[in-house]
Protein chains: 2
Amino acid sequence: MFLHVDPDSGLAIYDQIVRQIKFAVATGALPPGEMAPSVRELARELAVNLNTVSKAYQQLQVEGVLESVRGMGLAVASGALKQCRAERVKLVQERLREVLWEARQSGLDGDEIQKLIAAEMPAIDKKLASKLKGK
Amino acid sequence: MFLHVDPDSGLAIYDQIVRQIKFAVATGALPPGEMAPSVRELARELAVNLNTVSKAYQQLQVEGVLESVRGMGLAVASGALKQCRAERVKLVQERLREVLWEARQSGLDGDEIQKLIAAEMPAIDKKLASKLKGK
DNA sequence: CTCTGTGTCATAGCAGACTATGACAGCATG
DNA sequence: CATGCTGTCATAGTCTGCTATGACACAGAG
C-alpha cells in the first residue's frame, strides 16, 4: 500500500490514517467503488494495532468516505472523490497556517521563510518521485 | 509575556514552551543575562501546571539556554543567543519539511502549495502585527 | 456445511502528558 | 532573624492514545 505512519509525529496514528486515506481517495489512488485495505491487512502492514486502524475506518465511515459492504469490507463511497478533493485543501491549509505562524513567531521574516521553502522543495520532489517509482 | 500555548496543538505543552523561549531568545526579546519568568509566574500566566513549566525549564537548562542563579531564578545564558538563532532555523525547517511533504502527498503540486502559502501570508503578517501592537 | 475473511465490540493493560499538592533548601530583602 | 521569593523533588491521580486479546455476526469460496 501507499500509506505510512510516524508514531511520534504529534498527530495520532489513527488521524494520520484518516488523512492519508482521504488523500489517496483525492488523488484517485483509491477510486470510488474500490475496496479499502482490510483492517487486519493494514494493521499488519503499518505494524499497528487492529483497533487503531478500526478507529480510523470508523471515522471515515461516519464522514461518508467509506461505506460498509456486509461481510465484504469497506468500499470507497461514490461521493467521496469530490468530498476528499475539497477537504484536502482545508486539511493542508490548516497545518500550513500553524507552521507559517510558528515560523514568523520565531523571528524569521517572510523572505527567509520563502527561502527555506524553496530550499526544501527539491528534496520533497525527489522523495515523491522515488515513492512513485517504488510502486 | 509573549508566550502562548495551545493545549491541543499536537505538540506537548512543555515542548511549546521550550520552543517559544528559544524563539524569544533568538529574537532578542529575552537577552542574555536577563531573568526568565519564574516557573510560578509563567504557570499562572499560561494557565498551566507548575510542573509543566518546570519540565520545560529543566530541558532548557540541560541544553544550556538557561542558567540557574542560586536563589534568584533562571537567567538566559551568555552563549544562548547565537545558539538559539542557529537552532530556530532547524526547528522551523523540520516542521516545514513535514507539512510540505504531507501537502505533496495529498496530491497538490508545487504551484498549488505555493499559492496556498501566498494566500496565508497576509493573514499571518496581520496577526503578527496585532500581536506586536498589543505589547 | 465448513472454512476463511470481513467489520465490530468489549475488556484490560500500558505509557506519556498533564494536573494537583505538598514539601524542601537556598538566597534576598526588610 | 523572619518573610517571601526562587528552583527542585516526590507523590498520586486523570486522561488520551495505543496495544493486546478474545469474541461475535455476516458473507463468499470450496
Side-chain angles (χ1 to χ4, degrees), chain A residues 1 3-21 24-25 30 32-77 80, chain B residues 1 3-21 25 30 32-77 80 98:
Chain A
M1 265 294 283
L3 304 192
H4 179 262
V5 295
D6 179 12
D8 37 35
S9 137
L11 255 68
I13 294 180
Y14 72 92
D15 229 324
Q16 295 181 50
I17 296 176
V18 169
R19 296 171 81 93
Q20 293 195 25
I21 292 288
V25 173
L30 223 49
E34 187 150 316
M35 286 296 179
S38 81
V39 286
R40 288 174 177 82
E41 179 192 347
L42 192 53
R44 185 173 41 78
E45 200 158 338
L46 298 178
V48 147
N49 190 272
L50 188 153
N51 286 338
T52 305
V53 178
S54 185
K55 186 172 182 180
Y57 277 17
Q58 279 177 39
Q59 185 172 333
L60 286 164
Q61 216 170 331
V62 169
E63 294 185 40
V65 176
L66 298 182
E67 281 174 344
S68 177
V69 182
R70 316 261 309 175
M72 287 295 288
L74 296 175
V76 178
Chain B
M1 264 294 281
L3 304 192
H4 179 261
V5 294
D6 179 12
D8 36 35
S9 137
L11 254 68
I13 296 180
Y14 72 92
D15 229 324
Q16 295 181 49
I17 297 176
V18 168
R19 295 172 81 94
Q20 292 195 26
I21 292 287
V25 172
L30 222 49
E34 187 150 315
M35 285 299 178
S38 83
V39 287
R40 287 175 178 81
E41 180 192 347
L42 191 53
R44 186 173 41 78
E45 200 159 338
L46 298 179
V48 148
N49 191 271
L50 189 152
N51 287 338
T52 305
V53 178
S54 187
K55 185 171 181 180
Y57 276 17
Q58 278 177 41
Q59 185 171 332
L60 286 165
Q61 217 171 330
V62 169
E63 294 185 41
V65 176
L66 297 182
E67 282 175 343
S68 177
V69 182
R70 317 259 310 175
M72 288 295 289
L74 296 176
V76 178
E98 281 179 23

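In what follows, chains carry the letters A, B, and so on, assigned in the order in which the sequence lines appear, proteins first and then strands, with residues in each chain numbered from 1.
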**Prompt:** So, for B:A36 and B:Y57, which heavy atoms are closest and what is the spacing to 0.1 Å?
**Reply:** CB-OH, 4.0 Å
**Request:** In whole angstrom, give the distance that lies between atom CD of A:E41 and atom C1' of C:dT4.
**Result:** 15 Å
**Complete:** Scanning both residues in full, the closest heavy-atom pair of B:G33 with B:A75 reads O-CB, 4.0 Å
**Distance below 4.0 Å between B:Y57 side-chain N/O and D:dG7 OP1 or OP2** = no
**Request:** Mind calculating the distance between CG (A:L60) and C1' (C:dG7) to the nearest angstrom?
**Result:** 14 Å
**Message:** Need one value for A:V69: base, sugar-phosphate or nothing, where a base atom within 4.0 Å counts as base even if backbone is also close, heavy atoms only.
**Reply:** nothing
**Item:** Reading 5' to 3' through nucleotides 25-30 of chain C, protein heavy-atom contacts under 4.0 Å coded B for base, S for sugar-phosphate only, - for none
**Value:** -BSS--
**Request:** Could you walk me through whether A:R19 and A:Q16 pass the side-chain contact (heavy atoms from CB on, under 4.5 Å) test, one step at a time?
**Result:** CA-CA 5 Å; A:R19 296 171 81 93; A:Q16 295 181 50; 5.6 Å; no
**Prompt:** Considering only side-chain heavy atoms of B:I13, which listed nucleotide, C:dT8, C:dC18, D:dT6, is closest?
**Reply:** C:dC18
**Prompt:** Quick one: A:L66 CG to C:dT6 P, roughly how many Å, whole number?
**Reply:** 15 Å
**Request:** Go through C:dG7, D:dC18, D:dC9 for me and flag the one nearest to the B:N51 side chain.
**Result:** D:dC9
**Request:** Compare side-chain N and O positions of B:S38 against OP1 and OP2 of D:dT6 and report whether any pair is under 4.0 Å apart.
**Result:** yes
**Prompt:** Should A:M35 and A:V69 be marked as a side-chain contact (heavy atoms from CB on, under 4.5 Å) after you check the CA-CA gap, both sets of side-chain angles, and the distance that decides it?
**Reply:** CA-CA 9 Å; A:M35 286 296 179; A:V69 182; 4.1 Å; yes
**Asked** Do B:I17 and B:L42 come close enough that some side-chain heavy atom pair is under 4.5 Å?
**Response** yes
**Request:** Provide, to the nearest angstrom, the distance between the OH atom belonging to A:Y14 and the P atom belonging to C:dT8.
**Result:** 17 Å
**Complete:** From the candidates D:dT21, C:dT21, D:dG17, the one with an atom nearest any side-chain atom of A:N49 is D:dT21
**Complete:** B:R44 atom CZ is separated from C:dT21 atom P, nearest whole Å, by 17 Å
**Request:** Using atom CG of A:D15 as one end and atom P of D:dT16 as the other, report the distance to the nearest whole Å.
**Result:** 15 Å
**Message:** Does B:L74 form a side-chain contact (heavy atoms from CB on, under 4.5 Å) with B:L60? I'd like the steps, not just the answer.
**Reply:** CA-CA 10 Å; B:L74 296 176; B:L60 286 165; over 6 Å; no
**Prompt:** How many angstroms lie between CG in B:L66 and CD1 in B:I21, if you round to the nearest 0.5 Å?
**Reply:** 6.5 Å
**Request:** To the nearest Å, give me how far apart CG (A:L74) and P (C:dG5) are.
**Result:** 17 Å
**Request:** Give a yes/no on whether any side-chain N or O of A:T52 is located under 4.0 angstrom from OP1 or OP2 of D:dT19.
**Result:** yes
**Prompt:** B:K55 side chain N/O closer than 4.0 Å to the phosphate oxygens (OP1, OP2) of C:dA17?
**Reply:** yes
**Message:** Assuming nearest nucleotide by heavy-atom distance, tell me which of B:L50 and A:L50 is located more 5' along DNA chain C.
**Reply:** A:L50
**Message:** Does C:dG7 have its OP1 or OP2 closer than 4.0 Å to a side-chain nitrogen or oxygen of A:Q61?
**Reply:** no
**Message:** Once hydrogens and angles are ignored, does a donor-acceptor distance under 3.5 Å link the base of D:dG7 to the side chain of B:R40?
**Reply:** yes
**Request:** To the nearest Å, give me how far apart CD1 (B:I17) and C1' (C:dT19) are.
**Result:** 13 Å
**Prompt:** Would A:E63 and A:Q59 satisfy side-chain hydrogen bond (donor to acceptor under 3.5 Å, both in side chains), going step by step from the backbone distance to the final call?
**Reply:** CA-CA 6 Å; A:E63 294 185 40; A:Q59 185 172 333; 3.1 Å; yes
